[in-house]
Chemist: 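Quick one: this structure, given as structure tokens, is what I'll be asking you about.
Numbers here are sequence positions counted from 1. Counting starts at 1 for both ligands and their atoms, following the listed order.
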Amino acid sequence: VEASIPEPQREAWTKHEFSGFKDKDDFEREVVRHVETTLARSIYNCDESAAYSAASLAFRDRLVKDWNKTQQRQTFTDSKRIYYLSLEFLMGRAFDNAMLNLGAKDTAKEGLAELGFRIEDIIGQEHDAALGNGGLGRLAACFLDSMATLNYPAWGYGLRYRYGIFKQEIIDGYQVEVPDYWLDFNPWEFPRHDVTVDIQFFGQVSKTQDENGKTIAKWEGGDIVKAVAYDVPTPGYDTPSTNNLRLWSSKAASGEFDFQKFNSGDYESSVADQQRAETISAVLYPNDNLDRGKELRVKQQYFWVAASLYDIVRRFKKTKRKWSEFPDQIAIQLNDTHPTLAIVELQRILIDIEGLEWDEAWNIVTSTFGYTNHTVLPEALEKWPVGLIQHLLPRHLQIIYDINLFFLHSVERRFPNDRDLLRRVSIIEESQPKMVRMAFLAVVGSHKVNGVAELHSDLIQTTIFKDLVTIFGEDKFTNVTNGITPRRWLHQANPRLSELIASKTGGYEFLKDLTLLNKLELFVDDKEFRKEWAEIKYANKVVLAKYIKSTLGVSVNPAALFDVQVKRIHEYKRQQLNIFGVIHRYLTLKAMSPEERKKQQPRVSIFGGKAAPGYWMAKQIIHLINSVGSLVNKDADIGDALKVIFLEDYNVSKAEIIIPASDLSEHISTAGTEASGTSNMKFVLNGGLIIGTCDGANIEITREIGQDNIFLFGTLSEDVEDLRHTHTYGEHTVDQDLAKVFDAIQGGMFGEPNDFQAMISAVRDHSDYYLVSDDFQSYIDTHKMVDEEYQNQEEWISKCIRSVARMGFFSSDRCINEYAEGIWNIEPLAV
Ligand code: NTF
């Protein structure tokens, strides 16, 4: 490893090496030092925000030591590395996580107390790092945690958005979006102003022949934007391994400042050019499961991918290995199609810059990449107009055409005279305008393609990639069922439950081997254990009830059944089914005598989630939920029997409060639409039961925990197509109970009926694409079962314990090990 200090001077360095705080006193000293020096405040002048900053810096100092050593070890060992390319990393807060992963939270707690602070208040000061929309981004964050915990040499690559996902405010029942400027103070990142890459856009390609008659392509002209690296240390749990997440930020290239304009007095427009360069990494696109085809988005993608590949190739070239060894040293995983241009960029680097032959280069490329698909929804599959790529990345378009040509030739050789097959599998869709199908490009350019749950992996092989399976064979396609990190989603979010589990399973080992949870089965019949378990759930519900009271002013009874649906708002996730069910419950309660009403199981229906700013129907759904809440919550006849809550601005740190407090959570997508879902796993792991459809990972959760421990309902995925067909071409009547719900809405019970007309029409007058009416009856029947079973608390808690005991499979550690073995072919690095 390179070092610039000569041997004789190193002794002084070793002698004075900083090693971070070791105990409580050390920690306090570090906090006080950071308050006085780094934050430049006079002593005793420290509010919670400053205490957060200083305490974070004290922890950061320790992380950095481990991080440097990990990087040094990885460079020195020179073993294979995995690069995880994701346009989203939904990290949430880092401070609590760092304390727990370093095993120093108790030290910090005592230290902060002596300095006059409660650790919870200090944790609460941190702004979420919200560089993601939902499940896809949070999955990437869980993967980073697992890769570090399992000691894999891994780097994440992403974009450093100045604005993360917007902050949601609810005003008069409507969603309002507020920009999330989160970088005012972020101790968890290190700008690397010396690590920059020039990224080229536009320009033209010239072709010449060299002395051997070989064609040389030169991409020239156009604009240059500078990528600056920002590094985020990501610690593993109970290991010194600390990996790197490198986020790129865009800046005007130094040569870009237009002195011509400047000297002619047009200073403002030369500044405007600078700002234009900075817009590339300015904002995260707020769409979940939707592709809007915006030009700036493809610019983001190329900017990030080109910077990352330059970095990866630069690192590889330092080792002086042969190009053929590239795939033995490097695995690159594409998180969805967003980084697919990396395939084209690596091919370009190898043939245009490094001078490799096409075939040799293409072999390296396809052996390096793996592609994970996260959705089958057609509106989410990325396609870029050929004209746009031509304009922005002229050389890349040529390479895409060549990749397609060679691919189609090989198809034609194996399946002669099947012109329709060629049309169907072509990377270029011959539409008006022509489009580049990014998912096909990703499949053709990777050696493995995986879905994220069993049903989903089967579906991609039989629908969107059916022809490609025929062409490449089944071995190229595989499944890796998603997982979640138990460190954040159990230990951090639910410390009391984690402690109780530790007391019965032999310490905190289960956090590193989640299958050890199975030891809990021994205690299912232990009354005392069940009591402790129930007390923890109740305490978590009290915390959430207080939060609801403080934010919405609504009192909810912690003894009621907490029924939670928190996730992005989307028609396919069917929050409309949930709220229609709630209205049905309300109408039923209203029709009862007061005595009868008293006998019903009290419920709190809790919703949360953001709608994409341009998704009008999703915004209507939010409005209806809030309108129902404002009527129901102040209806004196109803009282505690039903409350309807919409929690504003659902994000990772709020999930950490909500999930441990749930009795029942809703995962009710139309079968075949939710690729996996990951919150379903988080809820069960925290001792809540699920009501759900046979979709995504719900199916495997059922297999693991047993069908007695989950409330399944609704149409099966294999029947969905036929039902849709009947809606369009045959009988289509609305369920009778649902029709009553519609009547209530249209009668103005929840305010202006026109506001909700589109939601009703989608079901009644259009084809009810998401089968809300078809599934309505079985949905409300199943909720009736839930009410009955909840009455028997002993049995309910037994189910919760049994379920938790059987959740070992859903650790992201298992998931990462599967990727490492089946796709990346890499091994952990001994520490
Ligand atoms: C999401 N996909 C899926 O909708 C979820 O079911 C899944 O749990 C997560 O990915 C993680 O695998 C997307 O966000 C996208 F972008 F593919 F649409």
Chemist: Evaluate Tyr572 for polar contact with ligand 1, using N/O atom pairs at a separation under 3.5 Å.
Modeler: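 By distance alone, the answer is yes.
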Chemist: Trp248 and Ser281: side-chain donor and acceptor closer than 3.5 Å?
Modeler: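 There is no such pair (donor and acceptor under 3.5 Å, judged by atom type) between the side chains of Trp248 and Ser281.
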Chemist: Take atom CD of Glu821 as the centre, draw a 6.0 Å sphere, and report whether it contains more than 12 heavy atoms from other residues, nucleotides or ligands.
Modeler: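 Not more than 12 within 6.0 Å, no.
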Chemist: Enter the distance from Arg81:CZ to Met147:CE here, rounded to the nearest 0.5 Å.
Modeler: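 With rounding to 0.5 Å, CZ (Arg81) is 13.0 Å from CE (Met147).
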Chemist: Asp336 heavy atoms, cut-off 4.0 Å: which ligand 1 atoms fall inside?
Modeler: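 Near Asp336, meaning under 4.0 Å from one of its heavy atoms, ligand 1 has 17 (F).
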Chemist: What protein heavy atom lies closest to atom 16 (F) of ligand 1? Include the residue and the distance to one decimal.
Modeler: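 Going atom by atom, the protein heavy atom closest to atom 16 (F) of ligand 1 ends up being Leu136 CD1, 3.6 Å.
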Chemist: Examine the side chains of Asn335 and Tyr84 and answer whether a donor and an acceptor come within less than 3.5 Å of each other.
Modeler: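 Side-chain D/A pair, Asn335 to Tyr84: present.
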Chemist: Centre of Phe809's six-membered ring, under 6.0 Å away, within 45 degrees of the axis: is that where NZ or CZ of Arg703 sits?
Modeler: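 Judged by the rule (NZ or CZ under 6.0 Å from the ring centre, within 45° of its axis), Arg703 counts as positioned above Phe809.
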Chemist: Could you tell me, atom by atom, which parts of ligand 1 come under 4.0 Å of a heavy atom of Ala675?
Modeler: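 Heavy-atom distances to Ala675 below 4.0 Å select 6 (O).
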Chemist: Can you name the atoms of ligand 1, numbered from 1 with element, that are less than 4.0 Å from a heavy atom of Val452?
Modeler: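 Counting atoms of ligand 1 from 1, those under 4.0 Å from Val452 are 12 (O).
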Chemist: In the protein, what heavy atom is nearest to atom 12 (O) of ligand 1, and what distance, to one decimal place, separates them?
Modeler: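 For this ligand atom, the closest protein heavy atom is His374 ND1, 2.6 Å.
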Chemist: Do me a favour and list the nearest non-hydrogen protein atom to atom 5 (C) of ligand 1 with residue, atom name and distance?
Modeler: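 I find the closest protein heavy atom is Glu674 OE1, 3.4 Å.
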Chemist: Can you tell me the protein heavy atom closest to atom 13 (C) of ligand 1 and the distance?
Modeler: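 Closest protein heavy atom to atom 13 (C) of ligand 1: Asn289 ND2, 3.7 Å.
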Chemist: Look at the rings of Phe776 and Tyr779 and say which category their plane angle falls in: under 30° parallel, 30 to 60° tilted, over 60° perpendicular.
Modeler: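 Correct class here is tilted.
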Chemist: Atom CG of Asp774 and atom CZ of Arg724: how far apart are they, to the nearest 0.5 Å?
Modeler: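 Interatomic distance, Asp774 CG to Arg724 CZ, rounded to 0.5 Å: 10.0 Å.
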Chemist: One residue to check: Thr372. Relative to ligand 1, which of side chain, backbone, both or neither has a non-hydrogen atom less than 4.0 Å away?
Modeler: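 Neither part.
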Chemist: When you look at CD of Gln707, are more than 12 heavy atoms from neighbouring residues, nucleotides or ligands closer to it than 6.0 Å?
Modeler: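 No, not enclosed.
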Chemist: Of all the heavy atoms in Gly677, does at least one lie under 4.0 Å from an atom in ligand 1?
Modeler: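 Judged by the 4.0 Å heavy-atom criterion, Gly677 does count as contacting ligand 1.
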Chemist: Which ligand 1 atoms are under 4.0 Å away from a heavy-atom of Thr375?
Modeler: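 Result: 17 (F), 18 (F).
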Chemist: Would you check whether Lys573 has a nitrogen or oxygen atom less than 3.5 angstrom from a nitrogen or oxygen atom of ligand 1?
Modeler: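 There is no such contact.
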